[in-house]
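So that the names make sense, note that chain A is the first sequence line, chain B the second, and so on, each numbered from 1. Just the heavy atoms: all of them, side chains too, but no hydrogens, waters or symmetry mates, feed the values below.
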Amino acid sequence: MDLLEGLNPQQRQAVTCAEGPALVLAGPGSGKTRVLTHRVAYLVREVGVRAGNILAVTFTNKAAREMKARLSHLLGAECEALTIGTFHATCARILRREGTLLGFAPSYTIYDDDDQQAVIKRILKEMNLDDKAYRPGAVLSVISKAKNDLIGPDEFVPKSYREGVIARIYLRYQQALKESNAMDFDDLLTNTVALWQEFPDVLERYRSRYRYVLVDEFQDTNAAQYVLLKQLAAQHRNLFVVADEDQSIYSWRGADFRNIQRFREDFPEAPTILLEQNYRSTQTILDAANAVISRNTRRTPKRLVTERDRGTPLVVHEAYDEQEEGQYVVREIQRLVGEEGFRPGDCAVMYRTNAQSRAVEEAFVRAGMRYKLVGATRFYQRREIKDALAYLRIVYNPADSASLSRVINVPPRGLGPQTAEALFAWAGEQGISVWEALHRLRQAEQGDEPMAHPLSARAVKPLLAFLAQWESLVEESKSLDVASILQLVLERTDYQAYLNDGTEEGRDRWDNVMELLNVASQYASMENSLGVFLQEVSLVADVDELGDQPDTPVLLTLHMAKGLEFPVVFIIGLEEGILPHSRSSGSPEELEEERRLFYVGMTRAKDHLYLVHAFRRASYGRSAPSQKSRFLRDIPHHLTGGERRTWPTRPSAALRVEPVAAPKPREDARPAPPSAPTFAPGDRVVHPKFGVGTVVESRIVSDDEQVTVAFPSNGTKKLLARLAKLEKVR
DNA sequence: GCAGCCCCATTTTTT
DNA sequence: ATGGGGCTGC
Ligand SMILES: Nc1ncnc2c1ncn2[C@@H]1O[C@H](COP(=O)(O)OP(=O)(O)OP(=O)(O)O)[C@@H](O)[C@H]1O
């Protein structure tokens with residue numbers, strides 16, 4: 001197969017460019033991922049690079065799987081030797097091998113958010129701090145931010161008293177993790193950076209191993225990830241990155257698209273290759289997406305053309321509420337499948353927040369249709385699943401104190417909060433893991449030299465019984481696979497009896513545990529199946545998606561949609577407060593990121609794009625009128641088929657599409673406040689008489705919008721937008 | 001120590 | 001709405 005077949009000249013140039021660094025900058029659907037994939041194959045097949053010398057970094061595990069699949073097609077068996085994965089997964093693997101140098105046993109545990117919270121809560125108690133003044137979530141976000149910027153607990157410079165306290169928590173937190181032989185997500189990156197910094201010989205090994213490094217979605221790398229890349233590529237300089245600054249949507253996680261600029265400075269010899277041909281979307285979709293993104297100021301405009309024809313207009317639909325919104329989406333999918341020959345799996349429903357999936361799911365259930373929720377870790381968040389995983393994690397890494405604290409009294413065995421607190425505090429004081437503390441307790445009780453400990457005489461017996469039980473489980477598990485271990489643990493803890501309280505919920509919970517066992521058994525034949533299984537679960541490597549791939553509509557967040565494409569896309573909840581989200585509307589930067597998020601969603605669509613908003617929506621149990629998203633106003637009217645809605649006929653009545661004239665806010669009919677301003681401060685506008693000016697302020701006044709505009713030559717004027725025929729200019 | 005009850009806040013996005 | 005956390009009574 002010719003690797004260059006099916007590539008345009010620009011793409012070929014990128015795929016075949018010489019050794020050394022290179023930057024591919026291009027818009028959505030221009031084949032960035034395809035270029036990266038083909039470049040890998042090209043290096044192996046044409047340049048003769050050994051597959052083992054290539055590292056390709058993707059943004060999600062799913063993307064890694066897809067790339068692997070494509071490369072296995074392009075390269076055959078040789079692709080097995082490639083390293084393809086996310087930064088986190090790759091670092092996790094490196095640290096399994098080399099972590100001992102930093103004081104971590106190979107069986108270290110990756111702590112998830114709950115574990116992290118548990119550790120922080122423990123520390124707050126230890127330090128006598130109020131967990132309301134220092135909310136664990138808030139503390140963790142400060143710590144995470146620091147880590148993403150590679151600021152360790154020692155380098156952390158507090159800018160306030162509060163931050164001083166957090167700095168102390170941070171320090172203790174890192175100790176606690178080490179005592180538990182655990183790392184959090186951010187540690188996977190920072191510890192790898194530290195490893196390579198402190199052990200140049202190790203870095204040297206990885207440099208010669210990963211002689212060619214390729215990074216997808218480079219605009220969403222954070223500082224730690226960028227340093228990792230620099231460490232690896234500083235010498236051989238074979239760093240190939242593809243990026244689109246308009247698709248940078250993870251700044252809240254420390255991602256910084258200015259890494260593109262840094263790359264240019266650090267690798268000045270890198271050619272920049274632009275891809276300007278879009279192969280995905282119709283002209284209409286592209287035009288609409290472009291109208292939306294061009295309102296962002298901090299960007300370099302890109303050229304992007306498509307070979308495809310105009311296609312159909314976008315559909316903008318106003319639903320009554322979130323239920324009717326779900327119903328509309330489901331019926332429209334049924335229609336597309338029934339009348340237009342689409343497959344259910346061609347359709348995707350995208351939303352800003354996970355909570356929004358609920359109403360859509362209910363609509364699917366009511367319609368008797370199957371659907372797939374992407375990236376839903378809900379299953380792994382369930383109590384019974386977390387319990388079962390905690391059991392497994394203890395077997396794998398008994399030092400894991402977070403897991404021990406979770407299940408020390410599950411099922412109840414007389415080790416209540418008092419005892420647990422005493423035990424954990426005692427371990428904390430001594431700077432040892434809880435597991436070790438239990439051993440000391442036994443020593444103290446049964447050894448020759450009695451030792452003081454704070455545990456009540458009554459608690460000692462169940463504690464030692466607990467230790468004995470788990471010691472035996474750890475020992476017996478050594479020769480077993482994950483599935484057998486899980487079965488054994490469930491049996492010994494009598495977990496089924498604990499769940500089975502006679503209620504249906506209890507039955508369901510047990511069913512879930514059996515489902516977990518089913519998933520685990522898919523790993524059973526692997527080498528070190530327990531470790532592999534736990535790692536994949538921790539890295540959210542969508543374990544549940546193994547196997548079944550039904551042809552069903554997909555429900556996913558806009559964030560999860562990055563990098564994917566679908567013939568039919570529904571974006572729902574296009575309302576102020578949701579998209580843009582109220583928690584992200586504070587600064588212009590945040591708003592621009594919300595806009596990019598919408599842009600990413602729109603550009604996933606190949607043929608049909610539906611933009612749906614609801615007239616009213618319930619949140620936190622309260623239903624309130626909503627206001628349509630400002631982003632919808634940026635889409636020129638001629639690209640949409642006008643706005644439609646299916647109510648107020650009767651929300652449950654048969655689908656009836658009634659065209660609705662441009663929204664005219666009538667106070668009696670609409671409790672909603674008047675529409676949002678079309679002009680925002682900073683916008684450049686043109687006035688027939690005064691010329692070009694800059695908007696200073698804009699607010700809604702009765703029926704029109706009063707805009708204050710500063711004209712360089714005519715001073716500042718207050719104008720009514722409609723009357724003055726104000727127009728935006730770019 | 002533990003089950004049951006009530007109150008309350010809820011930071012949206014994920015590796 | 002929902003579940004986690006605090007409180008009460010056994
Ligand atoms: N030269 C080409 N000829 C035909 N189809 C192409 C070509 N290049 C890319 N495509 C197709 O265009 C679509 C988009 O490609 P790809 O996902 O690689 O783009 P991308 O730039 O990574 O997109 P995004 O940034 O939006 O995720 C894919 O379906 C791909 O197969």
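Between A:E421 atom CD and B:dG1 atom C1' the separation is 16 Å, expressed in whole Å. Distance A:D114 CG to C:dG4 C1': 11 Å, rounded to the nearest Å. Rounded to an integer number of Å, the gap from A:D130 CG to C:dG5 P is 14 Å. Atom NZ in A:K386 sits about 14 Å away from atom P in C:dG3, given to the nearest Å. Going from atom CD of A:Q117 over to atom P of C:dG3 covers 17 Å, rounded to whole Å. Rounded to whole angstrom, the span from the CG atom of A:L124 across to the C1' atom of C:dG5 amounts to 15 Å.
With respect to A:E576, the side chain to side chain contact (heavy atoms under 4.5 Å, CB included) criterion is satisfied by exactly one of A:R630, A:K628, A:H581: A:R630. Exactly one residue among A:R406, A:K386, A:R393 makes a salt bridge (Lys or Arg N to Asp or Glu O under 4.0 Å) with A:D112. That residue is A:K386.
Across all strands, A:K562 comes closer than 4.0 Å to no nucleic acid atom at all (heavy-atom distances). Residue A:R358 is in sugar-phosphate contact alone, with no base atom involved, counting any heavy-atom pair closer than 4.0 Å across all strands shown.
A:Y250 and A:N222 form no side-chain donor-acceptor contact under 3.5 Å, judged by distance and modelled atom types alone. Inspection of the A:S144 and A:D186 side chains reveals an N or O donor paired with an N or O acceptor under 3.5 Å.
Here A:R299 pairs with A:D246 in a salt bridge; the nearest charged N to carboxylate O distance falls below 4.0 Å.
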> Can A:D130 and A:K132 be said to form a salt bridge (charged side-chain N to carboxylate O under 4.0 Å, His left out), step by step?
Replying inline: CA-CA 5 Å; A:D130 180 8; A:K132 290 201 181 56; 5.1 Å; no
> Once each nucleotide of nucleotides 9-15 of chain B is scored for protein heavy atoms under 4.0 Å, what B/S/- sequence comes out, 5' to 3'?
Replying inline: -BBBBBB
